[in-house]
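Take a look at the structure set out below.
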Amino acid sequence: MSKSGRIVPVNDLYSIKSDKSQGSFSLSSCSKQNDKELSDNKLSIRKNPILRHLLSFRVFIISVINALVIITVLSIWLTSYLMNSNASVKTTNMIVELTLEKVSALIYFELQKAKTASHMMAQNYNSKSISEREIDQLRVYQFSLINLMPVSSMALAIGENGISNSHAIILSETPVFTLIWYEQENGGKLYSYNINSTTGYKLNLRDVVDYNVTLTYFYAESMNLFRTYPNGAFGSVYVDITGSVTLHYSSPIYNQTFLPQEQKLIGISKANILLVKISEFLSKIHVMTNGYLILTEYDTNNVIGASLQLPPRNNTDRIHTYQILDRNAGNLMKKIHKRGIDHTNGTSSISVEFDGIVYLVSIIPYNYENILWKLIVVLEQREVQEAVIKSTFIIVFVAIATIVLGVTCSFGIGFLIATPFRNLQLELKRMEILDLDQVENHSSFFTEIKDIYFSVNETVGYLKEFRSFIPETILEKVNNNERVQNEDGQSTITNSSSNEESFKSVLNVGLFSNNCTVLYVMFTDLDNNVIPDENELAKIISKVVVGVTTLCKTFKADCQTKNYDRFVIIFNHKEKHLSPIDLALKIKTNLTPTNSAQNHKINVQIGICTGKVLLGNVGNKQLRFPAAVGEAVRKAKDLAVLNFMSGTHILVDEKTINTYVQYLYLPVDRYKKENSKMIETVYEIVGRDEVVENDEWMYELEKKNSNQKIVEYSDKFLQLFSLEFEKTQLEELKLYFESLEHVMIDKRIIDRLIKIIDSCLQTNLNPSSYYSLIKQNISINFGEQHLQ
């Protein structure tokens, strides 16, 4: 029942009232007049076709601009650029290929020496030409191999069947180059001697240590490699007993028998090469002026050699590529390795900018037998392209000299073509935001521009007629976008592209999810049954519609007019000083002067819900309108309808009161959505929770008492609907609600609560299962039981 005393069915509340009126707007006379003017204008130009072609804007642009740009820029600069770019790429590839050939030849020569020396000693041992029992003979033999190959060390190690024999001659590089002989027999002590670098004879005893060859890294690794490479293989790079970084090649040796079935693996024949030899050779390779190369292990990135100055090693440590300080190469390697480039399948070429310099880096895998290394060639792009750049500068200088004449002429041409474009851009921008009154009439000497100006003026005339039919929300969004851009201090012309994008975004078809607060506003008794005077009814409706839309502008809310008495208001901005609750209170209170002035009671019911809503435009290119879709919209509509039964004007859901906590709320009912299991409490807005000044103690006391009653009522309300059936507590709550004054709480709310308690006492129903459900009518339910 409405406050006017008239029963309002729910079906009528959901229906949309509209008076269909027929009308038409004809543009036939205006169109005919404009067509005649346009026809006369074009006819006067067609009388002189020669003048028309001479004054053609298109011919003028093609003959001047295209001749300058195509002939000078494309024919001179583009050709030189492409040729020089190809030359730069070929130069880089050639440098990399030459460097790879040099390095590959060196590495092959060094590795082949170790392999040959190891195989020779293994074959001589297996054929009984040498023996570990003839120590002096073995020493002389190894001494001759070191001088023949040359390699850094030769070693014959037997460690199988519980034996530990080791005989080796090593060229030590620290502190000076010295030849040292190591011998061990039958697992005894390891003796080291200085030997004569010319004859190989022993000179003096250096040291005696405990030693077990089977526990050395190179021996264990060699035995494992023989399983995959039975004829011998290269081992890992390691630091030997003298502190030198070496690479060894190991060959298997067998017990000295000529019967194949009796041969057994008993040890290794090993030859070492010093990596310092490779590094010394690489340091002599010059990769242009500022380029360099680094040879590293594939997995560990430890340096094998480089054309850079390497930092000194600490004890037995290896040098990592990140530790190279020369030319800041270590930090460059870090950046390259972070790129995660796979270089096992071929050469990888990348461009890296580091410390303001662009480097051309080629990473080339190097494979030899079981060795997998990688060669990193680094070139400065500036150096590679230096010759190319010089030649390009010469060609560009010639092109610039040719273009100067065209640029001189282009000043006059640019002024002629820029003026109409600027005028058009300015007027189209004003048309874009529908600021049609500011559009000026222009004219031009050129035929095409003059026709465009004429069409623009005609379009403005039509747009002024259609502007009144565009929803105010669309115009407000466009104006808001324009105001934001103007506040940034940018000019009108520079903002044209951004204005166009913002305008298109407002008109785009599609729905997008947003978290916002929805207000569903319903006005009742706005029809000729209540207000028979048509003129008075029209004035009241106009004031209501204008008042709602004006308040929405003030609160920066999106108002969608469903009918003259139905509004969906979307509140989706985060400005704290603007609240949807204040907007609802303003809509309610601003109707009081209208009601009293016309002596008609206008009822407003507002439902407020917060949640996800699909917002946007729906339709197609011919017809589109703004839409708000979602459970929050439907729920706000249900709450607006629920006001009729509760005797309230504004109802909000729980999520809204949790969002806007600075207001006082009064619980009035429990609501359940159709096809939902969740029951929630809906609240009426009492007002703001205001802060009272100290000197207003009397008002503060009254406010405190009023707030205390609201809190007490809210506690009793929530207590009622949290109970299972308990007769004593229900009777106490009934006495409490019967004792309430109806000044603060509407009598219909209290009567309904008492009716609910009576129904529970009579039927033994649980109050906690009570809820209101809105379908075609408002129904009161206890769980699955329906209460009339």
Side-chain angles (χ1 to χ4, degrees), residues 107-108 110-132 138 142 145 149 151-168 170 182 184 186-187 190 211-241 244-275 295-302 304 316 318 343-345 365-374:
I107 297 174
Y108 175 78
E110 293 294 331
L111 297 179
Q112 192 64 25
K113 288 192 303 182
K115 178 181 177 182
T116 303
S118 175
H119 279 317
M120 287 177 62
M121 187 165 63
Q123 291 173 2
N124 288 330
Y125 180 84
N126 293 333
S127 63
K128 298 183 180 182
S129 298
I130 59 174
S131 173
E132 76 278 8
L138 182 60
Q142 291 184 356
L145 278 181
M149 286 298 126
V151 292
S152 64
S153 71
M154 294 295 302
L156 187 70
I158 301 174
E160 302 302 310
N161 302 320
I163 300 174
S164 176
N165 287 347
S166 179
H167 300 83
I170 299 177
Y182 294 88
Q184 179 193 34
N186 300 324
L190 179 66
Y211 188 73
N212 189 344
V213 71
T214 59
L215 300 180
T216 58
Y217 171 76
F218 67 84
Y219 186 88
E221 183 187 29
S222 299
M223 287 300 179
N224 288 330
L225 287 172
F226 292 157
R227 299 172 184 172
T228 307
Y229 306 96
N231 294 325
F234 286 96
S236 302
V237 178
Y238 74 101
V239 181
D240 66 10
I241 194 170
S244 302
V245 181
T246 62
L247 173 70
H248 70 275
Y249 186 93
S250 297
S251 301
I253 61 174
Y254 303 92
N255 56 333
Q256 295 176 327
T257 178
F258 294 102
L259 299 176
Q261 64 272 16
E262 295 182 2
Q263 282 188 345
K264 294 181 181 179
L265 179 64
I266 62 172
I268 65 172
S269 169
K270 179 174 71 76
N272 287 30
I273 56 173
L274 294 175
L275 294 188
L295 182 65
T296 71
E297 292 179 316
Y298 179 77
D299 294 326
T300 64
N301 287 320
N302 288 329
I304 303 297
T316 60
R318 298 285 306 284
H343 7 269
T344 57
N345 297 326
Y366 179 81
N367 291 282
Y368 180 71
E369 293 198 3
N370 63 315
I371 287 180
L372 177 58
W373 292 342
K374 59 184 175 184

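- When side chains are defined from C-beta on, Val237 does not count as touching Asn302, because their heavy atoms never get closer than 4.5 Å.
- Between Ile371 and Leu247 the shortest side-chain heavy-atom distance falls below 4.5 Å.
- Side-chain contact between Asn272 and Ile170 is absent, with no heavy atoms from C-beta onward closer than 4.5 Å.
- Between Lys264 and Glu160 no salt bridge is recorded (no basic side-chain N to carboxylate O distance below 4.0 Å).
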Review point. So Val151 and Leu145, side-chain contact (heavy atoms from CB on, under 4.5 Å) or not? Walk me through it.
Key: CA-CA 8 Å; Val151 292; Leu145 278 181; 5.8 Å; no

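- For the pair Met223 and Leu265, the minimum side-chain heavy-atom distance is below 4.5 Å.
- In this structure, OG1 in Thr246 is found 6.5 Å from NZ in Lys270, a value given to the nearest 0.5 Å.
- Met154 places none of its side-chain heavy atoms less than 4.5 Å from the side chain of Met149.
- From Thr214, atom OG1 reaches atom CD1 of Ile158 across 13.0 Å, with rounding to the nearest 0.5 Å.
- Of all heavy-atom pairs between Leu190 and Ser166, the closest is CD1-O, 4.4 Å.
- Residues Pro252 and Gly232 come closest through the heavy atom pair CD-N, 4.0 Å.
- Residue Ser251 comes nearest to Ser118 through the heavy atom pair OG-OG, 2.7 Å, listed as atom of the first residue, atom of the second, then distance.
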**Study point:** Intermediate values then yes/no, side-chain contact (heavy atoms from CB on, under 4.5 Å), Phe234 and Leu111
**Key:** CA-CA 9 Å; Phe234 286 96; Leu111 297 179; 3.7 Å; yes

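- Contact annotation: the side chain of Gln263 approaches that of Asn255 to within less than 4.5 Å [non-hydrogen atoms, C-beta and beyond].
- Residue Ser236 forms a side chain to side chain donor-acceptor pair (under 3.5 Å) with just one option from Glu297, Glu221, His248, and that option is Glu221.
- Note that CG of Asp299 and NZ of Lys374 are 8.5 Å apart. Values are rounded to the nearest 0.5 Å.
- For the atom pair CD1 (Ile130) and CD (Gln256), the distance works out to 8.0 Å, reported to the nearest 0.5 Å.
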Point to revise | Test log, rule side-chain contact (heavy atoms from CB on, under 4.5 Å), inputs Tyr182 and Tyr211 | key: CA-CA 11 Å; Tyr182 294 88; Tyr211 188 73; over 6 Å; no

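- Contact check for Phe226 versus Ile268: side-chain heavy atoms found under the 4.5 Å cut-off.
- Inter-residue side-chain proximity for Val213 and Asn165 is flagged as unmet; no heavy-atom pair is nearer than 4.5 Å.
- Under a cut-off of 6.0 angstrom, the local environment of OH in Tyr108 is sparse, with at most 12 non-hydrogen atoms contributed by other residues, nucleotides or ligands.
- In this structure, OG in Ser153 is found 7.5 Å from CG in Leu274, a value given to the nearest 0.5 Å.
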Exercise for review: Evaluate side-chain contact (heavy atoms from CB on, under 4.5 Å) for Tyr125 paired with Ser269, printing each intermediate quantity in order.
Suggested key: CA-CA 9 Å; Tyr125 180 84; Ser269 169; over 6 Å; no

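- Although no hydrogens or angles enter the test, the distance criterion places a donor-acceptor pair under 3.5 Å between the side chain of Ser127 and the main chain of Gln123.
- To the nearest 0.5 Å, atom CG of residue Leu156 and atom CD1 of residue Ile253 are 4.0 Å apart.
- Ring pair His119/Tyr249 is perpendicular by interplanar angle, where above 60° counts as perpendicular and below 30° as parallel.
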